[in-house]
Amino acid sequence: LVPEAVYFSKSGEPLNYDYGDGLIDEAYVFDPARQSGAPFIGDRVTALIPHLDDYLIIGCKRSIWIQRGDPALGATPEAVSREIGVLKQSAWCYTPEGAIVFMSQDGLYVLDPGSNAAPQRLSRDRMPQELVNIDTNLNDVLVESDTLRNGIMISVTRPNPGPTNHFWFGWQLKEFLPDSYASDFEPTAITSHSISGVGPRRIILGCRD
């Protein structure tokens, strides 16, 4: 696989990656080396973020793109930012309003839904240095929102026990509060879930033990 390419399966067949036909709803790849006439992102892809059925956000190491429409019909990615990227597939979440919050190399950003505007950095003057220039080769970066507590959890955890950094970002005051866990309880996976299915979504952590 090419790290600068995006691979789409055939519509309705998630295991079908036959790029030969180039027809509507067939498998498609953003890589001219594999498919004639295909666009090329040109930056290492780090995250794919769907927004309902409207579009796909393609997060890269140093850029962000938006894909609307069927690529087999000629729809190509549009650049949202050529300077700001998404650290990892696990380094983003949705807000209750449908905005996308994500970690980049220089901190926490928000991308408003349905907009081609550049992402906005959150709390530029209060960004903890521990959340700047994170080495993603050594660390996993986990981001998730909690609607009941109205904030974002950010966890920087190594695959094996070692130095970690955890912060709670309060949405109302835009402040970062440090958090910590015993080594056996360092989070390695994170999601949000509503126990009743209709109430506020709370964060659930999968931890090292």
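Index from 1, following the sequence. What you see is a predicted model; the values in this text were computed from it and never measured.
When the side chains of ILVMFWY residues are joined at heavy-atom separations under 4.5 Å, either directly or via intervening members, I66 and I49 end up in a single hydrophobic cluster. I84 and V110 end up in different hydrophobic clusters when Ile, Leu, Val, Met, Phe, Trp and Tyr side chains are linked at under 4.5 Å. Put simply, I152 and I134 are part of the same group of oily side chains (I, L, V, M, F, W, Y) that touch within less than 4.5 Å, one to the next. Under the 4.5 Å side-chain heavy-atom criterion for ILVMFWY residues, no single connected hydrophobic cluster contains both W92 and V141. Linking Ile, Leu, Val, Met, Phe, Trp and Tyr residues whenever their side-chain heavy atoms come within less than 4.5 Å places L87 and M127 in a single cluster.
Annotation: the span from I100 atom CD1 to D112 atom CG amounts to 9.5 Å, rounded to 0.5 Å. Taking CZ of R208 as the start and CZ of F185 as the end, the distance is 12.0 Å to the nearest 0.5 Å. For the atom pair CE of M103 and CD1 of I154, the computed distance is 5.5 Å after rounding to the nearest 0.5 Å. Remark: T157 OG1 to N139 CG distance equals 8.0 Å, nearest 0.5 Å. Here the OG-CG distance, from S192 to L205, works out to 11.0 Å after rounding to the nearest 0.5 Å. Within the model, atoms CG of N165 and CD of E130 stand 5.0 Å from one another, a figure rounded to the nearest 0.5 Å.
Summarising the geometry of L48 relative to V6, their closest heavy-atom pair is CD2-CG1, 4.2 Å, with the distance given to 0.1 Å. Between D146 and R201 the shortest heavy-atom distance is OD1-O, 3.3 Å. Across all their heavy atoms, V29 and A5 have their closest contact at CG2-CB, 4.3 Å. Contact detail for T76 and Q67: the closest heavy-atom pair is C-OE1, 3.2 Å. Taking both residues in full, the closest heavy atoms of L122 and K174 are given as CD2-CE, 4.0 Å, listed atom of the first, atom of the second, then distance. Residues S145 and I203 come closest through the heavy atom pair O-CG1, 3.6 Å.
Put simply, the side chain of R121 gets close to the backbone of D106: a donor and an acceptor are under 3.5 Å apart. Using modelled atom types, one side-chain atom of T46 and one backbone atom of G59 make a donor-acceptor pair closer than 3.5 Å. In terms of modelled atom types and a separation under 3.5 Å, the side chain of Q120 and the main chain of A118 share a donor-acceptor contact. Looking only at distances, no side-chain donor or acceptor of S90 sits under 3.5 Å from a matching main-chain atom of V143. When atom types are taken as modelled, the side chain of R62 and the backbone of G85 share no donor-acceptor pair closer than 3.5 angstrom.
For the pair R149 and W171, the cation-pi criterion (under 6.0 Å, within 45° of the ring axis) is not fulfilled. A cation-pi arrangement, defined by a distance under 6.0 Å to the six-membered ring centre and an angle within 45 degrees of its axis, is absent between R126 and F176.
Side chains of V132 and Q105 form no contact here, defined as non-hydrogen atoms less than 4.5 Å apart. Using a 4.5 Å cut-off on side-chain heavy atoms (C-beta onward), I64 and I58 make no contact. With contacts defined as side-chain heavy-atom distances shorter than 4.5 Å, the pair L15/S9 does not qualify. Inter-residue side-chain proximity for V156 and T164 is flagged as unmet; no heavy-atom pair is nearer than 4.5 Å.
D140 has a carboxylate O that lies under 4.0 Å from a charged side-chain N of K88, or vice versa, which qualifies the two as a salt bridge. One finds no salt bridge joining D43 and K61 here, because no Lys/Arg side-chain nitrogen approaches an Asp/Glu carboxylate oxygen to under 4.0 Å. Under 4.0 Å is where a charged nitrogen must lie from a carboxylate oxygen, and between E26 and K10 at least one such pair does.
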Practice task
Decide side chain to side chain contact (heavy atoms under 4.5 Å, CB included) for W65 and I57; before the verdict, give the C-alpha distance in whole Å, the side-chain angles of both, and the deciding distance to 0.1 Å.
Solution key: CA-CA 6 Å; W65 303 74; I57 296 292; over 6 Å; no
Problem - Steps toward side chain to side chain contact (heavy atoms under 4.5 Å, CB included) verdict (E186, R158) - result: CA-CA 9 Å; E186 296 283 0; R158 299 201 171 193; over 6 Å; no
Practice task
List the steps and the verdict of side chain to side chain contact (heavy atoms under 4.5 Å, CB included) for L108 and F169.
Solution key: CA-CA 9 Å; L108 192 66; F169 178 76; 3.8 Å; yes
Practice task
Under the side chain to side chain contact (heavy atoms under 4.5 Å, CB included) rule, what do Q172 and N150 come out as? Steps first, then yes or no, please.
Solution key: CA-CA 7 Å; Q172 183 173 1; N150 194 25; 4.2 Å; yes
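Tested against Y181, the residues P187, S155, C207 include a single side-chain contact (heavy atoms from CB on, under 4.5 Å) partner, P187.
Taking the six-membered ring for Trp and thresholds of 30 and 60 degrees, Y109 and F102 have nearly parallel ring planes, at less than 30 degrees apart.
Taking the six-membered ring wherever Trp is involved, the centroid distance between the rings of F8 and Y17 does not fall below 6.0 Å.
For the residue pair S81 and E83, no side-chain donor N or O sits within less than 3.5 Å of a side-chain acceptor on the partner.
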